[in-house]
Amino acid sequence: MNYILNRNLRLCGWSDRLGGLHDIRTGKTWFFGKERYLLLMKCDGAHDIDPESLSEKQRTFLEAGEKEGVIKKAGFLEFITPEQEYKRYPAAYKRSVHWSVTGACNLKCRHCFMSAPHAKHGAPTHEQIIQIADSIAECGIYDVGITGGEPLIRADFLDIVSALTERNIRISTIYTNGWLVDEKLLDELEKRGQSPAFQLSYDGVGMHDFLRGVPGAEEKTISAIKLIRERGHSISVSMCVHRKNQDTLRETVKLLASLGVSSIKAGSMMNLGEWAQPEVADLQLSHQENFEMIERYIPQYFEDDAPLSIMLSGAFMYTPGDDEWGIYYRRECSADKENSVYSCGVLTENLYIGADGMVAPCMGMCDCGYAENFPNLFTTPLREILAPDSDFNRLCHTTVGEVRDKSGKCRDCKYADRCAGGCRNGALMAGDNYYAADPENCYFFENGWEERITAAAQPAFEAYIKRCPPKKHDDSEKKEETVDNCP
């Protein structure tokens with residue numbers, strides 16, 4: 001019996017992870033052990049597979065693959081395409097890249113950590129854009145989030161979309177202020193077979209124009225949200241909270257939910273770029289004020305029946321219908337696991353490419369003092385930057401144990417086993433030590449905020465789930481959550 005892979009699947013591997021199966025439709029990649037992967041490679045239409053000669057594990061794998069549409073019985077002289085054949089990329093595996101295609105913006109945001117109002121990081125030429133697209137494709141990164149500055153101000157923005165599409169790279173998200181979103185843009189994305197989610201910024205009912213520095217920004221953002229939802233794209237929102245808009249959070253969440261926004265991330269700004277200027281110092285929330293704002297709002301959120309998914313700094317997060325809420329700061333890691341658990345799992349699979357060609361583990365690191373240590377793909381090929389043994393790749397794979405040993409504080413901290421040292425970006429905002437403790441995490445645990453947030457959230461959550469019982473996760477959802485590291 002001959003089998004063939006579904007047309008949207010690609011056999012692939014990287015320098016550090018060999019047995020990958022990538023779905024160009026969803027942007028997801030699964031990894032398999034040797035025995036199963038060799039069987040999968042025979043599903044090319046050319047190999048005759050005798051189920052009776054297979055082990056029980058292999059037969060189960062084959063049957064499951066056919067049932068789930070991964071493979072099917074091949075027709076006469078039906079083979080996989082050249083694009084589906086196994087390809088090994090000359091770099092360590094990265095699932096996605098967050099790419100600033102420009103450092104400039106059409107707004108004048110008071111809080112911009114990369115100083116886009118002044119185009120501090122410039123903008124790559126069109127030729128450099130194509131070079132970056134080629135580098136991303138060469139390293140087998142199939143998923144890109146496009147950001148800026150404001151990416152839509154580029155006259156060649158649709159050419160960038162075309163370049164990525166031609167290289168079989170999926171645009172997962174466009175990060176925009178919404179000012180230039182229109183029917184034509186959405187039409188052109190659709191023509192190119194791209195259906196990205198959008199993430200917009202919205203900084204509070206009646207307060208958006210203040211932070212964005214341009215009259216009419218709030219109206220433009222609301223209009224963009226409505227249009228994007230009408231066209232069927234998913235929308236998430238980020239909200240930067242400060243002293244002037246903190247009391248708008250409840251009204252803002254309710255408004256966004258009514259417009260079809262699926263999730264919001266809200267928190268105080270990074271003390272970088274424009275937000276580090278003396279004229280806005282009085283607007284910044286202290287750690288204490290930020291957590292007090294969150295503590296006040298959580299019961300209101302559940303009283304409003306959790307209208308959308310939410311993340312408030314790292315102190316509180318919840319997705320409607322789930323059977324528990326969470327604290328992102330609380331990442332338990334015992335001493336016996338600290339050398340195998342990464343300080344930040346996101347950094348192991350993602351990276352940031354700046355408008356100036358800088359390659360950083362995270363976008364928030366682009367303007368910190370440590371940034372001079374990051375490589376630039378205009379001088380060093382991306383495949384070398386992403387080599388498994390490169391300094392950059394080692395930074396991305398920093399373990400909890402390394403943070404505890406090098407921070408000068410974490411190893412002896414009584415809360416060390418529950419916060420894993422915090423965010424590397426947070427550490428760099430406080431100084432130039434990549435391995436330092438994250439001050440916001442420290443403040444959270446050392447000042448009793450874990451207990452205070454729990455006291456605010458748990459009774460309200462219990463009342464909420466009585467009204468809105470948790471949803472039942474079906475088998476396909478469970479599969480999505482566990483298939484990534486299938487042995």
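Side chains are part of it too, since the values below use all heavy atoms of this structure and drop only hydrogens, waters and symmetry mates. We're numbering straight along the sequence, starting at 1.
Seen from the ring of Tyr297, Arg250 does not count as a face-on cation partner, given the 6.0 Å and 45° thresholds. Judged by a 6.0 Å distance limit and a 45° cone about the ring axis, Arg17 is not positioned over the six-membered ring of Trp14.
With respect to Lys409 and Glu446, a salt bridge is recorded, a charged nitrogen being found less than 4.0 Å from a carboxylate O. One finds a salt bridge joining Arg330 and Glu450 here, because a Lys/Arg side-chain nitrogen approaches an Asp/Glu carboxylate oxygen to under 4.0 Å. With salt bridges taken as basic N to acidic carboxylate O contacts below 4.0 Å, one links Arg170 and Asp143.
The closest donor-acceptor contact from the side chain of Asn6 to the backbone of Gly69 lies under 3.5 Å.
The two residues Arg231 and Asp187 have their closest heavy-atom pair at NH2-OD1, 2.8 Å. In plain terms, the two heavy atoms of Leu347 and Met365 that are nearest each other are CD1-CE, 4.3 Å. Considering all non-hydrogen atoms of both residues, Thr248 and Gly204 come closest at OG1-CA, 3.4 Å. Minimum heavy-atom separation, Val214 to Asn106: CG2-O, 4.3 Å.
Between His397 and Tyr342, the angle of the ring planes goes over 60°, which puts this pair in the perpendicular group of the 30/60° scheme. Note on ring orientation: taking the six-membered ring where Trp is involved, the planes of Tyr318 and Tyr301 are perpendicular (angle over 60°, cut-offs 30° and 60°). Between His98 and Tyr175, the two ring planes are perpendicular [angle over 60°; tilted spans 30° to 60°].
Taking the ring centroids of His242 and Phe210, they lie under the 6.0 Å cut-off. Aromatic rings of Phe316 and Tyr328 (six-membered ring for Trp) have centroids beyond the 6.0 Å cut-off, not under it.
Residues satisfying the side-chain contact (heavy atoms from CB on, under 4.5 Å) criterion with Ser343, sequence neighbours excluded, are Thr398, Val403, Arg424. For Ile160, the side-chain contact (heavy atoms from CB on, under 4.5 Å) partners at least two apart in sequence or on another chain are Trp99, Val101, Ile129, Ile146, Arg154, Asp156, Leu164. Not counting sequence neighbours, the partners of Lys226 by the side-chain contact (heavy atoms from CB on, under 4.5 Å) test are Ile222, Leu259.
For Glu451, the CD atom sits in a packed shell: over 12 heavy atoms of surrounding residues, nucleotides or ligands are nearer than 6.0 Å.
Judged purely by distance below 3.5 Å, without hydrogens or angles, the side chains of Ser100 and Tyr352 pair a donor atom with an acceptor atom. Looking at Arg212 and Asn177, their side chains never bring a donor and an acceptor atom within 3.5 Å of each other. In summary, the side chains of Arg296 and Gln246 do present a donor paired with an acceptor at a separation below 3.5 Å, with no hydrogens or angles considered. Side chains of Glu190 and Ser195: a donor-acceptor N/O pair is absent below 3.5 angstrom, by distance only.
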Subject >> Worked check of side-chain hydrogen bond (donor to acceptor under 3.5 Å, both in side chains) between Tyr329 and Glu440 >> reply: CA-CA 9 Å; Tyr329 294 136; Glu440 189 167 272; 2.4 Å; yes
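At least one side-chain heavy atom of Ile132 sits under 4.5 Å from a side-chain heavy atom of Phe378.
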